[in-house]
Number of protein chains: 2
Amino acid sequence: MMDEGIDRVGQLVPQMPVAEARMCRLMLMLGATIDRELEAKLKPNKLNHSEFLTLMILYSRPDGSSTPGELCEFTTQGATNMTRIANALVKRALITRGSSKEDRRRVLIRITPAGRRFVQKMLPPMFPQVGAMFGGFSAGDMRQFDRLLRKLAANLDQLGEQRLP
Amino acid sequence: MMDEGIDRVGQLVPQMPVAEARMCRLMLMLGATIDRELEAKLKPNKLNHSEFLTLMILYSRPDGSSTPGELCEFTTQGATNMTRIANALVKRALITRGSSKEDRRRVLIRITPAGRRFVQKMLPPMFPQVGAMFGGFSAGDMRQFDRLLRKLAANLDQLGEQRLP
DNA sequence: GATTTATAATTCACCAGTGAAGTAAATTAG
DNA sequence: CTAATTTACTTCACTGGTGAATTATAAATC
């Protein structure tokens, strides 16, 4: 369906890299699909993707804490949105927000015990889906897939750097 | 960086399918990155992703026409948003909107000659980036990658169907 | 040591996308 | 043939996310 569309565009615009465009489109579609799937799983917990990611990063930290700036970097969110996310999670008492002693510009965000319990309760129901996504993938498939995705990631990193400096 | 985070969560929650979760996260990151890259390329043309996709689907149609409902399906957009998209593209005279004769509920959307010229002008500057994304991919890599992505897509389709009916 | 510059976070105004309700036409059922 | 149901799209109110301006603190420069 999508393939036909791209093929036809390729006929009309002959210099187009058809195979690459197709792959690119596939990645976009799959990314969006996984995103939807994830959001559906999160909805019952009244979390969205970026709130979930933020909480998971805090959870994964040995000391359970970070700063908005750092969380922005790791989640690739803007600072504006991180403020909203923190507000939402603080309101639900999953994290706390306090100001740093050494640098009073900095805000210290920390996951609460309730936040940790919440994560531990929320994660396991997601496991079957995550497993099913890769049903029928052999060990070799997994290795290949990982390799190719990271190769693509490296290329994209290069592309991204060119635009900024 | 992400890998360490997932590994650490895997230690805290032992039943977690770590490899699958990692792959899933990679797909989400890459999808988002490609999306950002695409949006950056579209910005100078004052188009966003969904408007671009809509226009490209019309462009790829032999008769250059479709209906909002069909475009919703192909772009996986809600009808609400398709109304906005059509408004935006009509305002720029890239498409026309008329009502169908056989079924007066239906709206007929058609790409204009100006719309076709616009697409032909806009596409070529994107080709180098699309090519660069897959720089260093051998023919075998491309085949493998395509195979694995479609396998994943098939699994996701199954997952999606379960939730709806 | 005062002033400039840089950094961290927040607030505000806006854009893109969604769900629920509304409108209008076509189809089905009684 | 009328009434109920379904289909196609639009409108409205809201959520999530972004860029530009703001505030507060720290670091650098003169």
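Below, read A as the first sequence line, B as the second, and so on, with proteins coming before strands; counting in each chain starts at 1.
For the pair A/Ile109 CD1 and C/dA9 P, the computed distance is 8 Å after rounding to whole Å. The distance from atom CG of A/Asp35 to atom C1' of C/dT18 is 14 Å, rounded to the nearest whole Å. We find that CD of B/Glu39 is positioned 11 Å from C1' of C/dC15, with the value rounded to whole Å.
Put simply, the side chain of B/Asp141 gets close to the backbone of B/Ser138: a donor and an acceptor are under 3.5 Å apart. For the pair A/Arg92 (side chain) and A/Lys46 (backbone), a donor-acceptor distance under 3.5 Å is present. Side chain of B/Asn48 to backbone of B/Ser50: a donor-acceptor contact under 3.5 angstrom is found. Judged purely by atom type and a 3.5 angstrom limit, B/Asp103 uses its side chain to pair as donor or acceptor with the backbone of B/Arg105.
Looking at heavy-atom distances under 4.0 Å, B/Asp103 makes contact with sugar-phosphate atoms alone, never a base.
Rounding to the nearest 0.5 Å places CE of A/Met122 at 5.5 Å from CG of A/Asn45.
The side chain of B/Gln77 places an N or O atom within less than 4.0 Å of a non-bridging phosphate oxygen (OP1 or OP2) of C/dT18.
Scanning for side-chain hydrogen bond (donor to acceptor under 3.5 Å, both in side chains) contacts around A/Asn155 gives an empty result, with sequence neighbours left out. A search for ring pair (Phe, Tyr, Trp, His ring centres under 6.0 Å) contacts involving B/Phe134 returns B/Phe137, not counting sequence neighbours. A/Tyr59 pairs by the ring pair (Phe, Tyr, Trp, His ring centres under 6.0 Å) definition with nothing, not counting sequence neighbours. Listed by chain and residue number, B/Thr112, B/Arg117 satisfy the side-chain contact (heavy atoms from CB on, under 4.5 Å) test with B/Ala114 (two or more places apart in sequence, or in another chain). In this structure, the side-chain contact (heavy atoms from CB on, under 4.5 Å) partners of B/Thr67, at least two apart in sequence or on a different chain, are B/Glu70, B/Arg106. By the side-chain contact (heavy atoms from CB on, under 4.5 Å) test, B/Thr76 is found to be paired with A/Arg36, residues two or more places apart in sequence or in another chain being considered.
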List, with names and distances, any nitrogen or oxygen atoms from the protein found under 3.5 Å away from nitrogen or oxygen atoms belonging to nucleotides 1-7 of chain C.
unit_1 : atom_1 : unit_2   : atom_2 : d
C/dT7  : O2     : A/Arg105 : NH1    : 3.0

Polar atom pairs (N or O), protein with nucleotides 10-12 of chain C, under 3.5 Å:
unit_1 : atom_1 : unit_2  : atom_2 : d
C/dT10 : OP1    : A/Arg97 : NH1    : 2.8
C/dT10 : OP2    : A/Thr83 : OG1    : 3.0
C/dT11 : O4     : A/Thr80 : OG1    : 3.2

Which atom pairs, one a donor and one an acceptor, fall under 3.5 Å between side chains of residues 13-23 of chain A and the rest of the protein, sequence neighbours left out?
unit_1  : atom_1 : unit_2 : atom_2 : d
A/Arg22 : NH1    : A/Asp3 : OD1    : 3.2
A/Arg22 : NH1    : A/Asp7 : OD1    : 3.4

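Hydrophobic clustering (side-chain heavy atoms under 4.5 Å, transitive across Ile, Leu, Val, Met, Phe, Trp, Tyr) groups A/Leu47 together with A/Leu123.
Listed by residue number, there are no residues of residues 52-60 of chain A with a heavy-atom contact under 4.0 Å to DNA chain C. Near DNA chain C, defined here as any heavy-atom distance below 4.0 Å, the residues from residues 41-51 of chain B are B/Asn48, B/Ser50, listed numerically.
Boundaries of the chain B contact region on DNA chain D are D/dT7 to D/dC12, first to last in 5' to 3' order (nucleotide atom under 4.0 Å from a heavy atom).
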B/Gln11 and B/Arg8: side-chain hydrogen bond (donor to acceptor under 3.5 Å, both in side chains), yes or no, with the steps? CA-CA 5 Å; B/Gln11 283 167 12; B/Arg8 192 162 142 74; 4.6 Å; no

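In this structure, a donor-acceptor pair under 3.5 Å is absent between the side chains of B/Asn87 and B/Arg84.
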